[in-house]
Amino acid sequence: MAFVVMMIGVQPVQHFMNALPPYINNALTAMSAALPALGMAILTNSMWDKSILPFFFIGFILAAYLKLQTMPIAVLGAAVAVYYVYNDFQHRKEIKALKASGVGSKSDKGENGEMEDFLS
């Protein structure tokens, strides 16, 4: 579609848009206003994972309401990711050490397992 518009030029497209009835222009304006919400819905649907969804909303709030640019959000996200991975690594190492010492039971779900069962 964009190729056709580029081929015929600006003037014919401008005349076409001016010839449209006002209710069609109003409908196009309303649809263009809904596009950001549609994009948010598609993005959220494609990455609907309980473990990363809070980070998505935090990034959205930083961008939309605090008007931060992409680079500061990316640097902050990288710092949080490094902390998250390091903390997860330490937690797994502690669990491995506890299992090696025989502290954990075979049916040990722990606090996270119960929460995951509740949310599932």
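Atom set for the values below is all heavy atoms of this structure, side chains included, hydrogens, waters and symmetry mates excluded.
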Query raised in the report: If only atom types and distance count, is the side chain of Asp88 paired as donor or acceptor with the main-chain N or O of Tyr84 below 3.5 Å?
Result: no
Query - Any residue meeting side-chain hydrogen bond (donor to acceptor under 3.5 Å, both in side chains) with Gln90, in chain and number order, not counting sequence neighbours - result: Tyr86
Query raised in the report: How many angstroms lie between atom CZ of Phe57 and atom CE of Met40, to the nearest 0.5 angstrom?
Result: 6.0 Å
Query raised in the report: Measuring from Phe56:CZ to Ile61:CD1, what's the distance to the nearest 0.5 Å?
Result: 10.5 Å
**Report entry** Contacts of Tyr23 that satisfy side-chain hydrogen bond (donor to acceptor under 3.5 Å, both in side chains) - sequence neighbours left out
**Finding:** none
Query raised in the report: Out of curiosity, Phe89 CZ to His91 NE2, how far, rounded to the nearest 0.5 Å?
Result: 13.0 Å
Requested in this report: Pick out which of Ile58, Leu68, Leu66 makes a side chain to side chain contact (heavy atoms under 4.5 Å, CB included) with Ile73.
Outcome: Leu68
**Report entry** Gap separating the CG atom of Leu76 from the CZ atom of Phe55, nearest 0.5 angstrom
**Finding:** 10.5 Å
Query - Separation of Ile95 CD1 from Leu98 CG (nearest 0.5 Å) - result: 7.5 Å
Side-chain donor-acceptor contacts of residues 25-38 below 3.5 Å, not counting sequence neighbours, with atom names and distances?
unit_1, atom_1, unit_2, atom_2, d
Asn26, ND2, Pro22, O, 3.3
Thr29, OG1, Asn25, O, 2.8
Ser32, OG, Leu28, O, 3.4
Ser32, OG, Thr29, O, 2.8

